[in-house]
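Structure, as structure tokens:
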Number of protein chains: 2
Amino acid sequence: MRPNDGPKSGSSTGSRDNSRDNSKGSQKPRSPAGERRLGDFLCFAIYSANLAFGRAYKKGLDELGLTYPQWIAIVALWEQDGQTVSELGDKMFLESNTLTPILKKLEQMGYLRRQRDPADERQVRINLTEAGRRLREKGMHMNLVASTGLKPDEFVRLQENVVTLRDNLIKATAEEA
Amino acid sequence: MRPNDGPKSGSSTGSRDNSRDNSKGSQKPRSPAGERRLGDFLCFAIYSANLAFGRAYKKGLDELGLTYPQWIAIVALWEQDGQTVSELGDKMFLESNTLTPILKKLEQMGYLRRQRDPADERQVRINLTEAGRRLREKGMHMNLVASTGLKPDEFVRLQENVVTLRDNLIKATAEEA
DNA sequence: TCCATATATATCGTATCCGATTAAATCGGA
DNA sequence: TCCGATTTAATCGGATACGATATATATGGA
């Protein structure tokens, strides 16, 4: 049997003219008003660049046995001992609903310890283990700067611009709430 | 009972000095070698900007009853009738394992039709319904350009730079395979 | 002291992503 | 013509995201 499938019969009615040039060429002209295409959306550029980064990191992360968010957590935790889940969440732009499963997994793998703060039992403090620290060192070889095809100064400038974009979006979203 | 939790007792041993300034100020100095922090990673900037975009779109998308990837699919499908799953996947940088559930959901909601191509029954051709086209129109009011805090020319330049970054990453990832 | 409120984390359901696999249809060479 | 290789889409399991909710702890007045 064909892989399960929805409605089947009936002929295809799409017009299917592929006349428009959608090549990756460097000067794709912006589409006229009302014809905004997917490629013109900054949000989609960011969305697809994020997918591309995840795939570019995949090979290196597989060697470490980590996923992309797990690796981000390791890097963030390496910066500071004893962070709470909320503090880590502030750095990673995530909340406990997403973070807790990631941290439990990393704890189970032996890379960190989660312990309630005796001074405030509501909070959970997180510390990397020695294995977790070594992991961070081992991961430092994953340098994708070359893969970005950007010159160092371009790299830094783009990074700063994306950070500014992110922070502006967060501010605007908070304001309209 | 406290929400299920890992190991509990034991005191927190983290040093917890928060001396370093990690404010959002415009001139956060790059950390010294070997001290690369999360905020210095371009991949993390993209990752977090993508989260921010998803959250910024959330309110508008809720009104349409769509998710972020569903909306992207609608926009991509609006450009061309009768695309196959693979062709749509090329545009969205996704494959059938991710796309099929999204398309089935949109079909179930009445926004598109999926039908096998009679000329090649392996392929599935996708067409927006009238409701799907109206949805695309209704979604056009979600303009986040203002929220990005970027001037039009900055917006366009950043968009192009991110696209270039993405395409370079994809090329580099394919080459090392 | 007592309790309503606030805070911090965890849980749950839904929807992506993605690697690996499966299934059907097509293609191509002997 | 026949059959193995290729192509296309779907399925499955594991791991994020995230809104809504639950639970435990802490806080602050009456």
Side-chain angles (χ1 to χ4, degrees), chain A residues 1-6 8 47-48 50-59 61-62 65-73 83-90 92-109 114-126 173, chain B residues 1-6 8 47-48 50-55 57-59 61-62 65-73 83-90 92-109 114-126 173 177:
Chain A
M1 216 261 279
R2 176 194 295 120
N4 180 11
D5 189 33
K8 181 171 180 299
Y47 167 85
S48 52
N50 184 50
L51 294 178
F53 256 125
R55 290 159 192 171
Y57 269 110
K58 186 69 172 53
K59 171 165 284 185
L61 287 173
D62 276 351
L66 290 181
T67 65
Y68 191 50
Q70 285 167 2
W71 167 245
I72 292 174
Q83 293 181 79
T84 66
V85 173
S86 295
E87 286 165 355
L88 180 61
D90 287 343
M92 292 180 62
F93 299 93
L94 294 174
E95 294 173 36
S96 68
N97 53 3
T98 300
L99 227 32
T100 296
I102 295 175
L103 296 174
K104 283 191 163 184
K105 181 73 181 178
L106 287 171
E107 179 179 50
Q108 175 213 314
M109 292 192 281
R114 296 157 58 247
Q115 25 200 128
R116 291 277 165 187
D117 186 336
D120 184 343
E121 291 271 345
R122 288 173 304 181
Q123 302 186 131
V124 168
R125 302 240 171 227
I126 305 153
T173 304
Chain B
M1 219 260 280
R2 178 195 293 122
N4 180 9
D5 189 34
K8 180 168 180 298
Y47 167 85
S48 52
N50 184 50
L51 294 178
F53 255 125
R55 291 160 192 170
Y57 268 110
K58 185 69 172 56
K59 171 165 282 185
L61 287 173
D62 277 350
L66 291 182
T67 66
Y68 191 51
Q70 285 167 2
W71 168 246
I72 292 174
Q83 294 180 79
T84 66
V85 173
S86 296
E87 286 165 355
L88 180 61
D90 287 344
M92 292 179 64
F93 299 93
L94 294 174
E95 294 174 35
S96 68
N97 52 3
T98 300
L99 227 33
T100 296
I102 294 175
L103 295 173
K104 282 190 164 183
K105 181 74 181 178
L106 287 170
E107 180 179 49
Q108 175 213 315
M109 291 191 283
R114 296 158 57 246
Q115 27 201 129
R116 291 276 165 187
D117 186 337
D120 184 343
E121 292 271 345
R122 289 173 304 182
Q123 302 186 129
V124 168
R125 302 241 171 227
I126 305 153
T173 304

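Letters go in sequence order (proteins before strands), and every chain restarts at 1. Because the structure is predicted, anything quoted here is derived from the model rather than measured.
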**Report entry** Value rounded to 0.5 Å, distance of CZ in B:Phe93 from CG in A:Leu51
**Finding:** 8.5 Å
Requested in this report: Measure distances between side-chain N and O atoms of A:Ser96 and base N and O atoms of C:dA10, and say whether any donor-acceptor pair falls under 3.5 Å.
Outcome: yes
**Report entry** Whole-Å gap separating P (C:dC27) and CG (B:Asp120)
**Finding:** 6 Å
Requested in this report: Please assess B:Leu94 against B:Leu88 for the test side chain to side chain contact (heavy atoms under 4.5 Å, CB included), listing each intermediate value before the final yes or no.
Outcome: CA-CA 8 Å; B:Leu94 294 174; B:Leu88 180 61; over 6 Å; no
Report summary line: Rounded to whole Å, the CG-C1' distance (B:Asp90 to D:dA9) equals 14 Å
Query - Under-4.0 Å side-chain N/O to phosphate OP1/OP2 contact, A:Ser86 with C:dT9 - result: yes
Requested in this report: Figure out the CG/C1' separation between B:Leu88 and D:dA10, and round it to whole Å.
Outcome: 15 Å
Report task. Kindly assign one of parallel, tilted or perpendicular to the pair A:Tyr68 and B:Tyr47, based on the angle between their ring planes and the thresholds 30° and 60°. Result -> perpendicular
Query raised in the report: According to a strict under-4.0 Å criterion, is A:Lys104 in side-chain N/O contact with OP1 or OP2 of C:dT11?
Result: yes
Requested in this report: Would you indicate, yes or no, if C:dT9 has its OP1 or OP2 atom less than 4.0 angstrom from a side-chain nitrogen or oxygen of A:Arg114?
Outcome: no
Query raised in the report: Looking at D:dT7, does its base get a donor-acceptor pair with the side chain of B:Arg122 below 3.5 Å?
Result: yes
Report task. Please step through side chain to side chain contact (heavy atoms under 4.5 Å, CB included) for the pair A:Leu66 and A:Met109, ending with a clear verdict. Result -> CA-CA 10 Å; A:Leu66 290 181; A:Met109 292 192 281; 4.2 Å; yes
Report task. Walk me through it: do A:Leu103 and A:Glu107 pass the test side chain to side chain contact (heavy atoms under 4.5 Å, CB included)? Result -> CA-CA 6 Å; A:Leu103 296 174; A:Glu107 179 179 50; over 6 Å; no
Report task. Report the distance from atom CD of A:Gln123 to atom P of D:dT25, rounded to the nearest whole Å. Result -> 14 Å
Query - For atom CD of B:Gln115 and atom P of D:dT8, their distance in whole Å - result: 19 Å
Query raised in the report: Considering every strand shown, what is the Watson-Crick or G-U wobble mate of C:dA30 when both distances are under 3.5 Å?
Result: D:dT1
Report summary line: Expected string for nucleotides 15-20 of chain D under the B/S/- scheme (protein heavy atoms, under 4.0 Å, primed atoms plus P, OP1, OP2 as sugar-phosphate) is SSBBBB
Query raised in the report: Expressed in angstrom and rounded to an integer, what is the separation of B:Glu121 atom CD from D:dA9 atom C1'?
Result: 12 Å
Query raised in the report: Closest approach of B:Thr173 and A:Arg55, non-hydrogen atoms and distance?
Result: CG2-O, 3.9 Å
Report task. Quickly work out the B:Arg125 CZ to D:dA9 C1' distance and round it to whole Å. Result -> 13 Å
Query - d(CD1, B:Ile126; C1', D:dA9) in whole Å - result: 10 Å
Query raised in the report: Is a side-chain donor or acceptor of A:Arg116 paired with a backbone partner of A:Glu121 at a separation under 3.5 angstrom?
Result: yes
